[in-house]
Amino acid sequence: MSLEWLVAWSWSLDGLRDCIATGIQSVRDCDTTAVVTVACLLVLFVWYCYHVGREQPRPYVSVNSLMQGAEANGLQNGFVYCQSPECARCAHNEGLNQKLYHNLQEYAKRYSWSGMGRIHKGVREQGRYLSSRPSIQKPEVFFLPDLPTTPYFSRDAQKHDVELLERNFQTILCEFEALYKAFSNCSLPQGWRLNSTPSGEWLTFYLLNQGVCVPRNCRKCPRTYRLLGSLRTCIGNNVFGNACISVLSPGTVITEHYGPTNIRIRCHLGLKTPSGCELVVGGEPQCWAEGRCLLFDDSFLHTAFHEGAAEDGPRVVFMVDLWHPNVAAAERQALDFIFAPGR
């Protein structure tokens, strides 16, 4: 038995020696230029890996992973404004255009200029676009040129997400009703924000506020929060992205205003829609319907009101910001980088 094993082991060594000898001879027979070329490519690859690793850009996270990061940063529940004075969403100053262009250049340096023509055009001429827009549509922060404009969008604009939200209507409604019971104990429960209006009360409960998750609020609506992660076009990584429950009490009128950008469409899923409630976008009125989504471009001048009686109860919608369907995937990635929270 030992003799057979020794013979087999000797044969294996002979085979290994032959393999090594064949490899060495193959290298000797190779053209010197080819060997040098391969070596240079290998060196370039190693340098590239080192360079990318050393200058790793800000990571992009999904809506599902925002909660952990927000908790680590000590963000509180309720409506949270961006804490950075340099934020492109919140800073209205002369240096904003230069800041946006710097962010775009940084993105292109790390990735590519490919597909950036429309964003480049918008950033370079942002001042002109914002000042020369007609009064019916005038986004306050960023206008992306050459996007189709219309006050309202059809359900097919983001069909998957619309159908998913409508299928989960009862889930979202049940979590809202559980939240709303807290109003019997105090005037403004923790997590809610009272917004300024000429009359009435407009309350919001944010799960995602300007691209930042609100952890304590998300814990109170866990199924609705998980639903956000299933939406394909939810804006979750930049300051133009929001998701909240919006409540209008009877007698409330929201002042006409413009949204910050035209790169998104705002989706309202009707949860409670009594009569006498209307949304007016670009001068065109629409009514909400329970269990149905209403899509509109909030960069148009818009308002909402509830003229129903007190016994009708509040108008309630679940609001989430989705990407404009004509913003390409490469543009979405670049805009997430340029308008990342706190950038």
Side-chain angles (χ1 to χ4, degrees), residues 78-79 81 134-141 149-155 157-158 161-162 165-166 169 172-173 176-177 179-180 183 188 191-210 224 234-235 240-322 324:
F79 190 88
Y81 282 107
S135 59
I136 194 173
Q137 185 193 25
K138 189 173 288 187
E140 296 181 338
V141 179
T149 60
T150 179
Y152 295 97
F153 286 80
S154 72
R155 295 163 46 82
Q158 297 296 4
D161 289 353
V162 165
L165 286 167
E166 291 179 350
F169 159 69
I172 301 172
L173 178 61
F176 160 73
E177 289 176 337
L179 283 174
Y180 207 61
F183 279 84
L188 189 64
W192 288 88
R193 176 179 187 261
L194 179 62
N195 303 278
S196 177
T197 56
S199 61
E201 286 186 343
W202 174 24
L203 303 171
T204 45
F205 187 86
Y206 277 82
L207 305 183
L208 184 68
N209 174 29
Q210 294 186 15
T224 302
C234 174
I235 301 179
F240 298 128
N242 303 275
C244 73
I245 296 172
S246 174
V247 179
L248 293 185
S249 64
T252 301
V253 176
I254 297 177
T255 304
E256 288 187 321
H257 61 286
Y258 302 97
T261 183
N262 66 328
I263 66 171
R264 71 187 187 189
I265 55 177
R266 181 150 283 186
C267 176
H268 281 185
L269 172 66
L271 301 181
K272 290 182 176 291
T273 59
S275 59
C277 300
E278 261 186 23
L279 172 69
V280 182
V281 183
E284 299 181 19
Q286 289 279 358
C287 294
W288 296 276
E290 293 182 3
R292 302 283 288 180
C293 286
L294 183 61
L295 306 180
F296 64 99
D297 183 344
D298 73 326
S299 67
F300 282 80
L301 187 65
H302 63 285
T303 182
F305 53 84
H306 183 351
E307 294 181 336
E311 56 268 21
D312 292 337
R315 181 240 58 177
V316 185
V317 299
F318 179 63
M319 184 203 81
V320 59
D321 290 322
L322 308 176
H324 189 293

Side chain to side chain, [X] and [Y], heavy atoms closer than 4.5 Å:
{"X": "Asp161", "Y": "Cys267", "answer": "no"}
{"X": "Ser249", "Y": "His306", "answer": "no"}
{"X": "Tyr152", "Y": "Leu294", "answer": "yes"}
{"X": "Asp298", "Y": "Pro260", "answer": "yes"}
{"X": "Leu203", "Y": "Leu188", "answer": "yes"}
{"X": "Asn209", "Y": "Cys244", "answer": "no"}

Once rounded to the nearest 0.5 Å, what's the spacing between atom [atom1] of [X] and atom [atom2] of [Y]?
{"X": "Arg193", "Y": "Phe205", "atom1": "CZ", "atom2": "CZ", "answer": "14.5 Å"}
{"X": "Ile265", "Y": "His324", "atom1": "CD1", "atom2": "NE2", "answer": "7.0 Å"}
{"X": "Glu166", "Y": "Leu269", "atom1": "CD", "atom2": "CG", "answer": "6.5 Å"}
{"X": "His302", "Y": "Thr255", "atom1": "NE2", "atom2": "OG1", "answer": "11.0 Å"}

Without swapping roles, check the side chain of [X] against the backbone of [Y] for a donor-acceptor pair under 3.5 Å.
{"X": "Thr303", "Y": "Ile254", "value": "yes"}
{"X": "Tyr258", "Y": "Ser135", "value": "yes"}
{"X": "Glu201", "Y": "Leu194", "value": "no"}

| task | List the steps, then state whether side chain to side chain contact (heavy atoms under 4.5 Å, CB included) holds for Phe153 with Gln158. | result | CA-CA 9 Å; Phe153 286 80; Gln158 297 296 4; over 6 Å; no
| message | Which label fits His257 and Trp202: parallel for a plane angle under 30°, tilted from 30 to 60°, or perpendicular past 60°? | response | tilted
| said: Quick one about Thr149 and Asn262 (side-chain donor to acceptor, distance below 3.5 Å, no hydrogens or angles considered), yes or no? | reply: no
Side-chain polar contacts of residues 270-292 - donor-acceptor pairs under 3.5 angstrom, sequence neighbours left out - could you list them?
| unit_1 | atom_1 | unit_2 | atom_2 | d |
| --- | --- | --- | --- | --- |
| Thr273 | OG1 | Glu290 | N | 3.4 |
| Trp288 | NE1 | His268 | ND1 | 3.1 |
| Glu290 | OE2 | Thr273 | N | 3.2 |

Anything under 3.5 Å between a donor and an acceptor, one on a side chain of residues 312-322, the other on a protein residue two or more places apart or in another chain? List them.
| unit_1 | atom_1 | unit_2 | atom_2 | d |
| --- | --- | --- | --- | --- |
| Asp312 | OD2 | Ala309 | N | 2.9 |
| Arg315 | NH2 | Ser246 | O | 3.0 |
| Arg315 | NH2 | Ser246 | OG | 2.9 |
| Asp321 | OD1 | Arg266 | NE | 2.8 |
| Asp321 | OD1 | Arg266 | NH2 | 3.2 |
| Asp321 | OD2 | Asn242 | N | 3.1 |
| Asp321 | OD2 | Asn242 | ND2 | 3.0 |
| Asp321 | OD2 | Arg264 | NH1 | 3.3 |
| Asp321 | OD2 | Arg266 | NH2 | 3.0 |

What heavy-atom pair brings [X] and [Y] nearest, and what distance separates the two atoms?
{"X": "Trp192", "Y": "Leu179", "value": "CZ2-CB, 4.2 Å"}
{"X": "Gln137", "Y": "Ser299", "value": "NE2-OG, 3.0 Å"}
{"X": "Gly251", "Y": "Ser199", "value": "O-OG, 3.1 Å"}
{"X": "Ile235", "Y": "Leu208", "value": "O-CD2, 3.5 Å"}

| task | Kindly determine whether Tyr180 and Ile245 satisfy side chain to side chain contact (heavy atoms under 4.5 Å, CB included), including the steps that lead there. | result | CA-CA 11 Å; Tyr180 207 61; Ile245 296 172; over 6 Å; no
